[in-house]
Amino acid sequence: MQDKPTIEEQTAFYDRWNVEHRAGAFEEIPDGIRDRGVRVLDILRTLDLHAPRILEVGCGTGWLTEKLGAFGKVTAIDLSPSAIAVARTRNIDAELIAGDFYQHGFAASSFDIVVCVETLFYVEDQPRFVERVASLMKPGAHLILTTVNKFVYERSRDVRPVEPGQVRNWLSRRDLRRLLARRFELLSMTTVAPTGDLGILRLVNSYKINAVLLRLFSAENLRSAKERIGLGGGVVVVARKPV
């Protein structure tokens, strides 16, 4: 079994990865990931909170952070100093922190919303992570979280091998539900951005089969149907901390 990477090794990996893959603005992020970000922003609009305090955990280069500022006062943290350096070039109206989420001195029960986009599957101790997140939220606060859909990613040819310094800890939707149930009331769990080309997904996403289906359904309806039955590459969760 491969040894778990140290914090220093993880930091070096994310420094390089973020600069190579996430240096662009929101509109330049790859479609599937940007779809998750769009879904997060749509959810925030439905919450209709007045000037909430927002914490973004794992903000990377700030590609979503700059959009969150339209909803409230934002604090954003990432392990990668290089990613935060890129975020600071965007002149984002947010407090940007390069540091260890577990060690930073956030005040307990101080945030109305926590946003965590594409971060949970990079975490070794996910129960500890959820506990830490919950401890920083006010009673009744909302968690908006996106992560990869294990079922789909395990059936996707373009997923690359784990790199040195990288943690890969995918969860099934059932396990994700169980993990969050320890501290949160789950309000919704949906998938977004259908993908995958191995196993059953090779058939489901076949060009020929979808060409036939598109004669009967619009592209949007076909996409929505796949997302509803759990075939999106990303999972989007809205949860609330009990009062």
Side-chain angles (χ1 to χ4, degrees), residues 1-7 9-24 26-40 57-61 63-64 78-80 82-83 115-126 129-130 144-180 189-210 219 222-237:
M1 181 179 294
Q2 184 178 11
D3 292 337
K4 294 180 180 179
T6 65
I7 287 293
E9 290 169 337
Q10 292 179 56
T11 300
F13 168 77
Y14 298 124
D15 275 347
R16 176 183 60 77
W17 189 90
N18 275 290
V19 171
E20 289 181 1
H21 299 284
R22 292 291 183 270
F26 184 91
E27 292 73 18
E28 301 170 278
I29 297 300
D31 290 349
I33 305 301
R34 189 174 64 248
D35 286 345
R36 275 97 130 164
V38 168
R39 194 67 61 92
V40 168
V57 182
C59 65
T61 59
W63 62 272
L64 181 61
D78 197 276
L79 184 63
S80 166
S82 294
V115 173
C116 182
V117 173
E118 306 305 291
T119 297
L120 182 64
F121 57 88
Y122 288 139
V123 173
E124 289 180 14
D125 190 342
Q126 292 168 330
F129 182 82
V130 169
I144 306 173
L145 178 149
T146 80
T147 187
V148 303
N149 186 345
K150 181 179 180 180
F151 178 85
V152 171
Y153 269 57
E154 287 182 337
R155 293 162 177 81
S156 298
R157 198 185 309 272
D158 61 354
V159 174
R160 300 175 62 178
V162 177
E163 299 183 43
Q166 183 184 22
V167 174
R168 180 173 291 174
N169 200 358
W170 297 339
L171 289 174
S172 68
R173 287 183 294 153
R174 180 177 63 180
D175 287 341
L176 177 58
R177 189 176 289 110
R178 288 174 176 171
L179 175 69
L180 295 176
M189 178 181 288
T190 57
T191 70
V192 62
T195 187
D197 55 6
L198 296 174
I200 186 64
L201 296 183
R202 181 179 180 182
L203 180 64
V204 170
N205 294 321
S206 160
Y207 173 79
K208 291 182 178 180
I209 290 177
N210 280 269
L222 182 58
R223 172 186 170 123
S224 295
K226 291 182 181 181
E227 291 176 340
R228 283 195 302 272
I229 63 176
L231 299 182
V235 180
V236 181
V237 171

Is the shortest heavy-atom distance from the side chain of [X] to the side chain of [Y] under 4.5 Å?
{"X": "V130", "Y": "L180", "answer": "yes"}
{"X": "V117", "Y": "V40", "answer": "yes"}
{"X": "L120", "Y": "L176", "answer": "yes"}
{"X": "E124", "Y": "Q10", "answer": "yes"}
{"X": "F26", "Y": "V38", "answer": "yes"}
{"X": "R36", "Y": "V148", "answer": "yes"}

Please tabulate, one pair per line, all N/O donor-acceptor pairs under 3.5 Å involving side-chain atoms of residues 194-206, not counting sequence neighbours.
from	atom 1	to	atom 2	distance (Å)
D197	OD1	R157	N	2.7
N205	OD1	K226	NZ	2.9
N205	ND2	T195	O	2.9
N205	ND2	G196	O	2.9
S206	OG	K208	N	3.3
S206	OG	I209	N	3.4

Say you draw a straight line from [atom1] of [X] to [atom2] of [Y]; how long is it, rounded to the nearest 0.5 Å?
{"X": "T11", "Y": "R16", "atom1": "OG1", "atom2": "CZ", "answer": "13.0 Å"}
{"X": "E118", "Y": "I33", "atom1": "CD", "atom2": "CD1", "answer": "4.5 Å"}
{"X": "K4", "Y": "T6", "atom1": "NZ", "atom2": "OG1", "answer": "13.0 Å"}
{"X": "C59", "Y": "L79", "atom1": "SG", "atom2": "CG", "answer": "10.5 Å"}

So does E28 pair up with R22, basic N to acidic O under 4.0 Å? no
Under the criterion side-chain contact (heavy atoms from CB on, under 4.5 Å), I'd like the reasoning laid out for T191 against R173: C-alpha separation, chi angles, the key distance, then a yes or no. CA-CA 10 Å; T191 70; R173 287 183 294 153; 4.0 Å; yes
How would you list, by chain and number, every residue that makes a ring pair (Phe, Tyr, Trp, His ring centres under 6.0 Å) with F151, sequence neighbours excluded? none
Mind checking side-chain hydrogen bond (donor to acceptor under 3.5 Å, both in side chains) for D31 and listing every partner two or more places apart, or none if nothing turns up? R34
Evaluate the side-chain contact (heavy atoms from CB on, under 4.5 Å) criterion for residues T190 and R39: first the C-alpha distance (whole Å), next the side-chain angles of each, then the deciding distance (0.1 Å), finally the verdict. CA-CA 10 Å; T190 57; R39 194 67 61 92; 3.7 Å; yes
Pick out which of V192, V236, V235, L64 makes a side-chain contact (heavy atoms from CB on, under 4.5 Å) with T146. V236
Can you check whether [Y]'s main-chain N or O pairs, donor with acceptor, with [X]'s side chain at less than 3.5 Å?
{"X": "N149", "Y": "G232", "result": "yes"}
{"X": "D15", "Y": "S82", "result": "yes"}
{"X": "S156", "Y": "V159", "result": "no"}
{"X": "Q166", "Y": "F13", "result": "no"}

Apply the test side-chain contact (heavy atoms from CB on, under 4.5 Å) to residues C116 and F129: give CA-CA distance (whole Å), side-chain angles for both, the deciding distance (0.1 Å), then the verdict. CA-CA 11 Å; C116 182; F129 182 82; 3.8 Å; yes
Identify the two heavy atoms, one from [X] and one from [Y], that lie closest to each other, and give their separation to 0.1 Å.
{"X": "Q126", "Y": "N169", "result": "NE2-O, 2.9 Å"}
{"X": "D78", "Y": "S80", "result": "OD1-N, 2.9 Å"}
{"X": "A193", "Y": "D35", "result": "CB-OD2, 3.7 Å"}
{"X": "P5", "Y": "G165", "result": "CB-CA, 3.8 Å"}

Full working for salt bridge (charged side-chain N to carboxylate O under 4.0 Å, His left out) between R168 and E163: CA-CA 9 Å; R168 180 173 291 174; E163 299 183 43; over 6 Å; no
Centroid separation Y14 to Y122 less than 6.0 Å: yes
Do you see a donor-acceptor pair shorter than 3.5 Å between the side chains of T61 and N18? no
